[in-house]
Amino acid sequence: QVQLVASGGGLVQPGGSLRLSCAASGIIFSINAIGWYRQADGKQRELVAAITSGGSTNYADSVKGRFTISRDNAKNTVYLQMNSLKPEDTAVYYCKAEGVIAGTTYNYWGQGTQVTVSS
């Protein structure tokens, strides 16, 4: 099984930066992709950024140019660097790994970390 621990959230002023981390542990056979999702109060959970096993990335339009997803394979960790933060970025951020075991796809979710952007 795969366990994900998300960390790095906090309170930051508009225009500030945060770096979220998603550390994976456990038995990892094959990971198709890891994504960062967020859910704000009263809003649907949305995909923010994702990175595939091949290193391809994609971003929600609302964060393009401000957020960067990256990985450190040696540390089994995926990062989300968030710059130029806006109040509308306030949400609980979750990381999710999509893995394949014995031909079956599984989704593994981290516990979420709160990001609050406010003056």
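Counting from 1, the numbers follow the sequence of the chain as shown.
Considering all non-hydrogen atoms of both residues, S21 and W36 come closest at O-CH2, 3.5 Å. A24 and L4 make their closest contact through CB-CD2, 3.6 Å (heavy atoms, listed as atom of the first residue, atom of the second, distance). In terms of heavy atoms, G99 sits closest to I31 at CA-CD1, 4.0 Å. Scanning all heavy atoms of the two residues, the minimum distance from V115 to G9 falls at CG2-CA, 4.1 Å. Nearest heavy atom pair, residue A6 against residue Q111, reads O-NE2, 2.6 Å. Closest of all the heavy-atom pairs between S17 and N83 is OG-OD1, 2.9 Å.
In this structure, R71 fails the cation-pi test against Y79, since its NZ or CZ atom is not both closer than 6.0 Å to the six-membered ring centre and inside 45 degrees of the ring normal. A cation-pi arrangement, defined by a distance under 6.0 Å to the six-membered ring centre and an angle within 45 degrees of its axis, is present between R45 and W109.
To the nearest 0.5 Å, atom CG of residue D89 and atom CZ of residue R38 are 5.0 Å apart. Atom OG1 in T90 sits 8.5 Å away from atom CG in L11 (nearest 0.5 Å). Residue M82 holds its CE atom at 11.5 Å from CZ of R19, rounded to the nearest 0.5 Å. Note that CG of N32 and OG1 of T52 are 9.0 Å apart. Values are rounded to the nearest 0.5 Å. The OG atom of S84 sits 7.0 Å away from the CZ atom of R66 when rounded to the nearest 0.5 Å. Remark: E98 CD to Y106 OH distance equals 12.5 Å, nearest 0.5 Å.
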Intermediate values then yes/no, side-chain contact (heavy atoms from CB on, under 4.5 Å), I51 and V78: CA-CA 9 Å; I51 185 167; V78 171; 4.2 Å; yes
Chi angles and distances behind the side-chain contact (heavy atoms from CB on, under 4.5 Å) call for V48, Y37: CA-CA 5 Å; V48 176; Y37 294 73; 5.6 Å; no
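Within a 6.0 Å sphere centred on CG of N107, other residues, nucleotides and ligands contribute more than 12 heavy atoms.
V92 and L18 fall into different hydrophobic clusters, where Ile, Leu, Val, Met, Phe, Trp and Tyr are joined by side-chain heavy atoms under 4.5 Å apart, directly or via other members. Grouping the Ile, Leu, Val, Met, Phe, Trp and Tyr side chains by contacts below 4.5 angstrom, directly or via other members, places Y108 apart from Y94.
Qualifying side-chain contact (heavy atoms from CB on, under 4.5 Å) partners for E88, counting only residues two or more places apart in sequence or in other chains: K86.
For the pair P87 and S118, the minimum side-chain heavy-atom distance is 4.5 Å or more.
A distance-only check finds a donor-acceptor pair linking the side chain of Y59 to the backbone of I69 [under 3.5 Å].
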